[in-house]
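Naming convention: chains lettered A, B, ... in sequence-line order (proteins, then strands); numbering from 1 in each chain. Fair warning: this is a prediction, and the values are worked out from it, not measured in the lab.
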Amino acid sequence: MINFALGRRNGRRPSNFPNNSQMEYNHKEIESRWQQYWRDNGIYKTEIDPARKKFYVLDMFPYPSGAGLHVGHPLGYIASDIYSRYKRQQGFNVLHPMGYDAYGLPAEQYAIQTGQHPEKTTIDNINRYREQLDKIGFSFDWSREIKTCDPEYYKWTQWAFMQMFGHYYDTVAHKARPISELEEYFSRHGSEGATAACSKELHFTADEWNAMDWKQREDTLMNYRIAYRAEAMVNWCEALGTVLANDEVSEGVSVRGGYPVEQKVMRQWCLRVSAYAPRLLDDLERLQWSESLKETQRNWIGRSEGAEMRFPVAGSDIELEIFTTRADTVFGVTFMVLAPESKYVEMLTAPEQKAAVCDYLKEVCRKTERERQIEKKVSGVFTGSYAVNPLTGKEIPIWVSDYVLAGYGTGAIMAVPAHDSRDYAFARHFDLPVVPLIEGADVSESSFDAKEGKMINSCGPELDLNGLEVKDAIAKTKRFIAEKGIGKVKVNYRLRDAIFSRQRYWGEPFPVYYKDGVACLLPEDKLPLELPEVDCYLPTSTGEPPLGRAKGWVSEEGYPLELCTMPGFAGSSAYYLRYMDPRNDKALVGREADEYWRDVDLYVGGAEHATGHLIYSRFWNKFLYDLGLVAEAEPFKKLVNQGMIQGRSNFVYRIKDTNTFVSHGLKDQYDTTPIRVDINLVSNDVLDTERFKAWRPDYADAEFILEDGKYVCGYAVEKMSKSMFNVVNPDDIVERYGADTLRLYEMFLGPLEQSKPWDTNGIDGVNRFLKKLWGFAQKATESPAREMTAQEKKTMHKLIKKVTADIEAFSFNTSVAAFMVALNELTKQKSDSREALDIFTRLIAPFAPHIAEEFWHMLGHEGSVVDAAWPEYDENCLKEDMVKYPVSFNGKTRYTVEVAADAPREEVERIALSHEGAAKWLDGKTPRKVIVVAGRIVNVVV
RNA sequence: GCAGGAAUGGUGGAAUGGUAGACACGAGGGACUUAAAAUCCCUUGGCCUUUACCGGCUGUGUGGGUUCGAGUCCCACUUCCUGUACCA
């Protein structure tokens with residue numbers, strides 16, 4: 001039997017709950033009534049309850065754009081809402097909050113155009129989002145709402161930054177430690193033996209440290225802080241007037257707006273994310289994330305094991321440091337290459353080459369990142385200097401080329417043209433020698449990049465690699481160079497430190513002032529440092545960020561405050577912690593709340609945040625974890641990526657130079673131009689011609705060539721956007737069909753993680769299902785209570801089993817199908833069982849909460865259906881009486897036998913072989929093998 | 001180039017190695033109706049056989065393999081999607 005526990009909350013039934021329920025399914029009336037009821041009774045308010053297990057379900061909070069929500073946005077929210085409600089019905093204390101990622105470029109750009117304060121636009125948009133979200137019936141606890149632009153919230157963003165400023169990363173203990181401990185160490189031992197992650201290697205003694213003045217010490221410490229200021233190569237976007245992080249740039253243009261981006265050296269705030277690279281990589285293992293997402297992060301972190309080696313420069317005491325993963329190929333190094341930005345370039349340029357090198361550097365600087373990527377032309381210049389190969393003693397030329405990146409490794413490489421395709425292209429272009437090192441490798445056309453084969457040509461005075469496999473040769477060389485002190489084994493990461501400054505207005509101000517040019521933190525009690533008013537949101541005439549316009553933007557002592565603001569990811573990096581304890585003014589999250597809620601059990605959002613938010617959040621969380629402020633080392637235990645919902649644009653076909661439009665099926669008979677048409681004028685691909693004429697003045701006297709009396713439009717799947725006229729507003733769907741239909745339909749559309757076009761064509765089917773379910777509920781609630789029939793039990797317990805398993809597997813489309821099957825079966829059984837309706841109500845409550853709430857009260861229950869116990873299924877009810885077994889001989893089905901469902905294997909065999917047809921196929925032989933598979937097939941091999 | 005994923009009817013999509021195509025849309029037919037809408041019922045992968053019932057063959061991108069049995073596992077290939085890229 002099912003445990004019909006009553007709801008936990010004692011919400012009172014609304015007074016306008018209809019007594020005679022004999023009526024049509026009226027979604028508007030039902031949905032507004034129950035939404036009101038949820039609000040009035042605080043049904044979704046969550047509190048710490050040590051008696052119950054917690055479950056934290058989080059959506060990636062939205063950026064409230066001016067365009068409002070389209071039907072793609074709620075897809076993930078619906079899925080997470082179903083899971084939250086399901087978990088709650090199972091007795092978990094579910095935290096399911098929502099808020100807004102309120103800082104962003106569009107609001108600022110709108111502000112520049114209109115002069116309107118971005119806060120105003122943002123709040124307007126938030127209010128609009130809230131209205132749209134409320135209509136869909138989510139179980140968010142809105143009392144925990146946060147906005148990243150709220151000073152009460154960003155106080156803690158600023159506070160976290162201050163902690164990062166006040167800590168360094170210990171590379172041996174693998175954790176952040178207070179910077180004061182490092183100062184203490186320096187005063188005793190100097191830099192020698194310090195195990196701190198740094199921007200560049202510094203060497204000083206304790207005496208030197210102690211002799212430094214305040215400014216010198218601060219400059220030195222800046223090299224170690226986790227939040228630090230440094231000259232960094234940044235992605236500068238002229239059009240946006242700001243720098244961008246690596247994940248905000250794609251293919252040489254800005255992700256937002258698609259403007260060109262160039263490389264530029266600027267003094268910026270940075271976060272030492274790279275120090276956490278090993279932990280960010282290792283901890284991926286224990287996360288329940290999709291393999292593809294983990295792989296994306298692994299690639300982004302980009303661990304590579306290799307060696308760092310020093311090549312002495314001929315006739316000089318300078319040594320060139322390089323990084324390689326192919327230590328085995330040192331014998332094939334025929335030249336060296338420096339990145340144009342490398343500090344070695346100036347040191348190593350010979351006087352006779354100076355002009356050529358200068359010209360080359362100028363040319364490289366002129367090009368943007370984008371141009372460099374598009375051209376992919378081999379270019380470079382000889383410095384005039386030579387390095388000495390430490391294994392062969394031979395001199396090799398040193399070149400400069402932009403194919404070597406300053407930001408990776410040491411900004412210099414040893415070139416092995418025979419076994420690296422880039423070096424090969426360079427060598428061929430400048431006619432440098434190519435020495436193959438692997439037996440059988442043909443390097444006449446291209447390089448041999450594979451790490452396999454036997455070494456040749458690799459014997460020097462002290463080291464012989466000939467005959468070894470590549471793998472062994474690498475290991476042997478590494479050992480050799482370490483012993484000889486030529487280099488050391490080194491692990492390199494591709495992950496860069498995050499650039500943390502933005503030359504913009506609409507972001508969190510830094511709690512930083514400058515005293516004699518030295519960055520200092522404001523005292524903690526001055527937080528939050530609120531964003532000042534400015535008269536205009538553009539940079540100043542001297543090129544300073546907009547905050548340069550703010551009057552009185554100085555500290556109490558009169559020192560100037562930082563003019564940059566923080567980037568978009570700052571506010572979203574720890575928001576999941578703040579939801580746990582959103583109104584705490586003493587801490588980001590209080591100890592009690594953190595130890596109860598701990599981490600996010602289920603995080604739902606788009607995969608596009610793989611290399612941005614999801615890396616920064618993990619870093620931020622690990623930092624706070626190191627400080628002992630949060631309980632878990634990883635913030636998001638399980639993560640599900642919902643697919644994107646694309647738009648489905650409709651086209652009409654205008655015959656050239658006329659105002660006549662021809663239907664899709666006939667368009668090939670004419671010379672036509674396709675024109676996008678507002679999908680609101682189209683229903684099931686059929687155009688409403690009258691409304692089309694009214695749409696644009698140009699079309700007022702349009703004429704149509706119809707097929708079957710209809711104008712049929714063509715369609716294409718594209719991004720959902722205003723400019724394509726294909727935006728579907730969830731409000732319209734809710735208005736017409738109701739929130740429950742929208743919710744079920746979005747889930748029914750296909751697998752959650754898959755991208756798919758929005759297609760309204762199937763929505764009637766889902767709506768019909770709810771109407772039928774409504775009809776069944778009317779019938780069932782009018783009937784007296786009785787025991788379910790065996791058939792009804794089977795239908796309902798099959799449904800419980802299926803829906804439970806499907807929700808656990810996030811297979812919501814198949815659970816919706818299961819509801820449809822179950823209802824069809826009940827209809828065929830002419831069922832009017834109250835008990836069946838009761839089970840149905842509990843199961844469908846997460847999916848269609850409004851109609852479920854209605855049924856819940858029709859059935860006479862108290863409280864809200866959100867606290868209705870989740871039913872358990874009874875395996876006994878699922879048993880079939882007799883099962884049909886197709887019997888196959890040598891793989892071909894020959895006849896069918898009926899066997900009791902729970903018959904043992906031997907019994908099935910006996911019945912199958914005693915069938916009158918068996919003799920014919922056995923043909924006097926004994927069966928070699930008989931296969932019976934759980935309730936399925938018997939196959940007899942003769 | 002590299003990495004991850006996918007390929008099933010007219011469409012969206014179901015199938016712990018065990019009756020392929022659940023469910024829905026669309027389409028066709030029927031009932032009700034003066035008519036339409038709504039609603040309900042039937043048919044619906046392809047081919048063949050049959051008056052009909054019954055039945056047969058074939059079928060999950062291509063080619064192989066493992067297995068009594070493959071949409072599912074293995075190998076090779078083709079196409080598409082997503083991410084990423086001078087990362088030494």
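Across the C1' atoms, B:C75 and B:A70 are found 15 Å apart, a figure rounded to whole Å. B:G13 and B:A22: their P atoms are spaced 15 Å apart (whole Å).
Residues that satisfy the salt bridge (Lys or Arg N to Asp or Glu O under 4.0 Å) test with A:Lys801, not counting sequence neighbours, are A:Glu875. Among residues two or more places apart in sequence or in another chain, the salt bridge (Lys or Arg N to Asp or Glu O under 4.0 Å) test is passed with A:Glu295 by A:Arg298. Considering only residues two or more places apart in sequence or on other chains, A:Val821 meets the side chain to side chain contact (heavy atoms under 4.5 Å, CB included) condition with A:Glu825. Scanning for salt bridge (Lys or Arg N to Asp or Glu O under 4.0 Å) contacts around A:Glu319 gives A:Arg310, with sequence neighbours left out. Scored by the salt bridge (Lys or Arg N to Asp or Glu O under 4.0 Å) test, A:Asp497 finds no partners at all (sequence neighbours excluded). The side chain to side chain donor-acceptor pair (under 3.5 Å) test applied to A:Tyr344 returns no partner, not counting sequence neighbours. For A:Ala498, the side chain to side chain contact (heavy atoms under 4.5 Å, CB included) partners are A:Leu271, A:Val273, A:Phe569, A:Tyr616, not counting sequence neighbours. Partners of A:Pro397 by side chain to side chain contact (heavy atoms under 4.5 Å, CB included), not counting sequence neighbours, listed by chain and number: A:Phe335, A:Phe382, A:Tyr386, A:Trp399, A:Leu432.
Among the heavy atoms of the strands lying under 4.0 Å from A:Lys772 are primed sugar atoms or P, OP1, OP2 only; no base atom is included.
For the pair A:Gly302 and A:Thr296, nearest-nucleotide mapping onto RNA chain B gives the more 5' position to A:Thr296.
When distances run from any side-chain atom of A:Ser292 to the nucleotides B:G4, B:A88, B:G83, the shortest one goes to B:G4. For A:Thr324, the side-chain atoms get nearest to B:A88 when compared with the rest of B:A24, B:A88, B:C25. The nucleotide whose nearest atom lies closest to any side-chain atom of A:Arg494 is, among B:A88, B:A85, B:A3, B:A85.
Phosphate contact (OP1/OP2 of B:U39, side-chain N/O of A:Arg768, threshold under 4.0 Å): present. Put simply, A:Asn824 has a side-chain N or O that comes within less than 4.0 Å of OP1 or OP2 on B:A24. The side chain of A:Tyr403 contributes no N or O atom lying less than 4.0 Å from OP1 or OP2 of B:A88.
Here the two rings, on A:Phe812 and A:Phe748, have centers that are 6.0 Å apart or farther. Taking the six-membered ring where the residue is Trp, the centroids of A:Phe769 and A:Trp774 are separated by 6.0 Å or more.
Proximity of residues 807-817 of chain A to RNA chain B (heavy atom under 4.0 angstrom from any strand atom) is restricted to A:Asn813, A:Thr814, A:Ala817.
Glycosidic conformation of B:G9: syn, with the torsion inside 90° of 0.
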Distances for protein N/O vs nucleotides 7-12 of chain B N/O pairs under 3.5 angstrom?
{"residue": "B:G12", "atom": "O2'", "partner": "A:Leu749", "partner atom": "O", "Å": "2.9"}

Under the 3.5 Å Watson-Crick or G-U criterion, the dot-bracket string of RNA chain B, with | for inter-strand pairs: (((((((..(((.....[....)))((((((.......))))))((((......))))..(((((..]....))))))))))))....

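Under the side-chain hydrogen bond (donor to acceptor under 3.5 Å, both in side chains) criterion, the residue pairs touching residues 324-333 of chain A are A:Arg326-A:Asp328, with sequence neighbours excluded.
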